[in-house]
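Scope of the values below: all heavy atoms of this structure, side chains included, with no hydrogens, waters or symmetry mates. In each ligand, atom 1 is the first atom listed, and ligand 1 is the first ligand listed. Nothing here was measured: the structure is a model prediction, and the numbers come from that model.
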Amino acid sequence: MFMEEEFLGFVITGHVDHGKSTLIGRILYDTNSLQEGRIEEVRKTCEMLGRQMEFAYVIDHLREERENEMTIDTAQTFFRWGNRDYAIIDAPGHKEFMKNMITGASLADAAVLIIDVAEGMREQTQRHAYALGMLGLEQVIVVINKMDKVGHKKENFEKVKAEAAKFLLRLKIKPSHFIPIAALHGENVVKRSENMPWYDGPVLLEALKGFKPRKSLKMRPLRFPVQDVYDFEGKKIAVGRVESGVLAAGEMVALPSGKKIIVKGLEGFPKAPKNAEAGINSGFFEDIGLKRGDVVCAGKLPHSGKKLEGSVFWLGIEPLKKGEKILCRIATQEAEGTVEKISKRMNSSTLEIIENDATKLEGTEAAEVLLSFSKPLVSDLFGEIPTMGRFVLARHGIVEGGGIITKAVE
Ligand code: GDP
């Protein structure tokens with residue numbers, strides 16, 4: 001859909017009511033990304049409700065629409081500015097955001113952390129920041145919102161900026177910019193505000209423009225996790241999504257079995273493509289008995305083993321216990337895992353270490369874990385191939401936690 005070189009996906013995160021929806025609405029409005037009629041529709045609804053037109057409504061409206069459409073990319077809104085396409089990755093609530101981040105439902109290249117200037121950092125802001133730190137996101141902007149509420153005063157901005165910078169530093173996050181904004185009035189979002197002459201940094205969109213676009217995964221080694229194998233007129237066709245590299249005719253290795261496979265060509269309708277790059281769904285005829293969860297690889301091979309260490313974020317209502325058996329998923333692979341060790345149990349809001357060798361992990365806590373599996377799982381490090389370097393933990397089919405792989409153990 002996009003030229004990869006020109007694409008940047010970013011999350012907007014922050015405590016409830018600090019202005020995420022308003023900011024998204026404002027960005028879309030000021031970049032002329034809202035369809036004709038949409039704004040009018042919202043204006044009418046607001047009139048009916050006897051309320052001033054608010055951008056938060058625009059975005060809530062979009063959300064409803066997306067939910068009704070049941071599209072796969074429910075959490076992304078696209079816009080274009082300058083020569084680049086952007087996706088705003090947005091999750092309506094705190095829990096959805098955390099889930100989105102840890103399961104990798106949508107990968108972010110950058111993050112905008114929004115803080116209400118009158119309220120400062122709040123618990124959810126801190127947890128979100130923790131998740132960003134865990135994922136190693138390096139392109140971060142802090143926007144300090146609702147500057148109109150404090151008379152656009154520099155002192156208020158500086159106070160919240162200092163507080164945020166201090167907290168983020170503990171997570172090794174060094175924001176590229178701290179920007180005073182008023183999302184509701186479009187100040188320093190796309191257009192420069194005249195009410196804050198003391199601020200001489202970039203406005204939000206200029207700051208985003210300065211960020212590096214999404215790294216292409218097509219130059220990495222091939223990873224093709226098999227999603228399904230179908231019978232097709234007596235022959236078998238394996239399908240899935242290319243997670244990295246380029247899938248084309250040739251010799252490959254299926255892991256964890258280590259069997260060689262010669263792919264004669266890709267299948268497709270109406271025309272078979274010559275190759276499929278990272279991010280593309282594809283399929284080919286196979287004769288070695290591939291099944292869901294096998295990972296077809298080429299180039300530098302990934303790790304395949306029964307143990308791994310990871311940073312985990314727990315969201316479950318019931319705690320995760322040491323010794324517990326739990327379903328673990330990496331890409332299309334699934335295996336029963338055992339929680340062998342929980343270390344550095346941490347409050348993800350205060351970053352306080354609760355215990356070094358723990359027997360359980362409560363909801364919203366984070367830790368380092370050692371997991372062992374009933375069968376080998378194929379993985380890469382998160383920093384190399386993100387979708388092969390993340391895992392989720394599920395109980396009774398529901399994702400209750402997840403994290404990134406920090407070390408593969410034999
Ligand atoms: P979310 O929960 O983070 O998505 O927050 P919303 O975007 O729904 O905003 C919460 C409230 O703050 C709404 O009533 C907004 O109109 C208001 N708000 C957002 N941005 C600003 C701003 O720049 N100035 C003022 N005064 N209010 C704002």
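For ligand 1, the polar-atom distance check finds an N/O of Lys20 within less than 3.5 Å of one of the ligand's N/O atoms. Between Leu23 and ligand 1, no N or O atom pair is found at a separation short of 3.5 Å. The shortest N/O to N/O separation between Leu184 and ligand 1 falls below 3.5 Å.
Proximity of Ala183 to ligand 1 is established by a heavy-atom distance of less than 4.0 Å.
The Ala182 neighbourhood of ligand 1 comprises atoms 23 (O), with distances under 4.0 Å to a heavy atom of that residue. Close approach to Asp17 involves these atoms of ligand 1, each under 4.0 Å from a residue heavy atom: 1 (P), 2 (O), 3 (O), 5 (O), 10 (C), 12 (O). For ligand 1, the atoms sitting less than 4.0 Å from at least one non-hydrogen atom of Lys149 are 26 (N), numbered in the order shown with element in parentheses.
Residue Asp231 places its CG atom among more than 12 non-hydrogen atoms of other residues, nucleotides or ligands, all under 6.0 Å distant. Shown here is Glu368, whose CD atom has more than 12 heavy atoms of other residues, nucleotides or ligands within 6.0 Å.
Selection from Lys146, His15, Arg26 by nearest heavy atom to atom 11 (C) of ligand 1 gives Lys146.
In the model, Glu123 has no side-chain atom that pairs as donor or acceptor with a side-chain atom of His15 under 3.5 Å.
Counting heavy atoms under 4.0 Å from ligand 1, residue Asp148 touches it through the side chain alone. Proximity of Ile181 to ligand 1, defined as any heavy-atom pair under 4.0 Å, is not found for any part of the residue.
Of the charged side-chain nitrogens involved, none lies within less than 4.0 Å of a carboxylate oxygen, so that Glu286 and Lys236 do not count as a salt-bridged pair.
Relative orientation of the Phe78 and Phe7 rings is tilted, given thresholds of 30° and 60° on the angle between their planes.
In summary, of the residues considered (Lys20, Lys149, Arg122), a salt bridge (charged side-chain N to carboxylate O under 4.0 Å, His left out) with Asp116 occurs for Lys149 alone.
The ring-ring contact (aromatic ring centres under 6.0 Å, His included) search around Phe284 returns Phe224, not counting sequence neighbours.
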